[in-house]
Every structure is written in structure tokens, then in C-alpha cells.
A.B. asks: 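Here it is, the structure, as C-alpha cells.
Just so it is clear, the values below take in all heavy atoms, side chains as well, and ignore hydrogens, waters and symmetry mates. If you're wondering where the values come from, they're calculated on a predicted model, not measured in any experiment.
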Amino acid sequence: QVQLVESGGGSVQAGGSLRLSCAASGYSYSDKCMGWFRQAPGKEREGVALISTHGDGTYYADSVKGRFTISQDNAKNTVYLQMNNLKPEDTAMYYCAANLRWCRFDAADYWGQGTQVTVSS
């Protein structure tokens with residue numbers, strides 16, 4: 001059974017930082033891509049960041065470029081999302097996803113349960 005366990009969410013003030021973690025089990029992400037999505041109340045889910053498991057490259061939504069960094073620890077089978085200079089508009093439920101098809105945000109095969117990020121002004 002594939003499991004993605006997310007952690008690191010919380011409530012912070014604008015300008016603060018959080019680091020989200022996604023630990024994968026029962027899943028080999030070799031030759032795959034993993035990513036982070038978010039969904040705010042009343043809005044559709046949007047892709048935030050993705051990473052090639054081979055380290056070939058990363059991609060970020062324009063809204064988070066320069067502030068968020070996605071990384072991975074192959075030994076721990078874990079993907080991270082470092083979020084700096086958080087803004088109120090970053091408030092959302094953040095989801096980790098595995099096996100992003102074609103290394104794009106269009107579709108993913110596995111999802112975590114989500115971790116809430118709340119940024120106050």
C-alpha cells in the first residue's frame with residue numbers, strides 16, 4: 001500500500017516560514033516526479049511545485065517562485081517544501097502527490113491526506 005504522510009503545517013504570521021515534509025512508503029519514486037498542491041476554501045486545487053526524482057529539474061507556480069523550494073532526500077524517501085516569506089494568500093490545505101504523470105500537474109496517482117497552512121496578516 002502506498003502511503004504519503006505529510007507534516008509540518010501550522011499557523012504563522014505573514015513573512016514567516018514553514019517546512020512541509022512528505023514521507024513516502026510502499027512507493028518507489030525512482031524515475032518518477034513528485035509534487036505539492038494546495039487548495040484554498042472555495043478555490044480549485046492548484047499545483048505549487050514539482051521535482052524530478054532524478055534531480056533533473058524543478059518547477060514552481062509563478063505565485064511561489066523565489067519563496068518556495070522543493071527538495072528531496074532519497075535515503076529517507078522524503079520530499080520537502082520549504083516555504084519562506086509566507087503570505088496570507090498562501091493559506092490553503094497542502095497536499096503531497098506522487099507519480100505526477102509526465103512530470104506535470106495534470107494528474108497524479110497517489111495523494112497524501114493534506115496538511116493545513118494558515119498565514120495571518
A.B. asks: Got a donor-acceptor contact below 3.5 angstrom from the R67 side chain to the N85 backbone?
C.D. replies: yes
A.B. asks: Flag yes if L100 and W36 sit in one hydrophobic cluster, no otherwise; membership is Ile, Leu, Val, Met, Phe, Trp, Tyr, and two members link when side-chain heavy atoms are under 4.5 Å apart.
C.D. replies: no
A.B. asks: How about S17 and N84: does a side-chain donor come under 3.5 Å of a side-chain acceptor?
C.D. replies: yes
A.B. asks: Strictly by salt bridge (Lys or Arg N to Asp or Glu O under 4.0 Å), give each pair with a member in residues 5-14 just once, sequence neighbours left out.
C.D. replies: none
A.B. asks: Is there a side-chain contact (heavy atoms from CB on, under 4.5 Å) between S63 and E89 once you walk through the steps?
C.D. replies: CA-CA 9 Å; S63 59; E89 50 263 44; over 6 Å; no
A.B. asks: Determine, using the 4.5 Å side-chain heavy-atom cutoff (strictly less than), whether L81 and L4 are members of one ILVMFWY cluster.
C.D. replies: yes
A.B. asks: Got a salt bridge between D90 and K87, using NZ or NE/NH1/NH2 to carboxylate O under 4.0 Å?
C.D. replies: no
A.B. asks: For Q113 versus V5, what's the shortest heavy-atom pair and its separation?
C.D. replies: OE1-CA, 4.0 Å
A.B. asks: Looking only at heavy atoms, which two atoms of Q116 and A92 are closest? And how far apart?
C.D. replies: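 Closest heavy-atom pair between Q116 and A92: NE2-O, 3.4 Å.
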A.B. asks: Any pair with a residue in residues 57-101 that passes ring-ring contact (aromatic ring centres under 6.0 Å, His included), sequence neighbours left out, goes on the list, sorted by first then second residue, please.
C.D. replies: Y59-F105
A.B. asks: Taking all atoms of both residues into account, what is the closest heavy-atom pair of S21 and T78, and its distance?
C.D. replies: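 Nearest pair, atom of S21 first, then T78: CB-CG2, 4.4 Å.
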A.B. asks: Could I get the full list of side chain to side chain donor-acceptor pair (under 3.5 Å) partners for Q13, not counting sequence neighbours?
C.D. replies: none
A.B. asks: For L18 and L86, which heavy atoms make the closest approach, and how far apart are they?
C.D. replies: N-CD1, 3.9 Å
A.B. asks: Could you tell me which non-hydrogen atom of M34 sits nearest to which non-hydrogen atom of C96, and how far apart they are?
C.D. replies: CE-SG, 4.0 Å
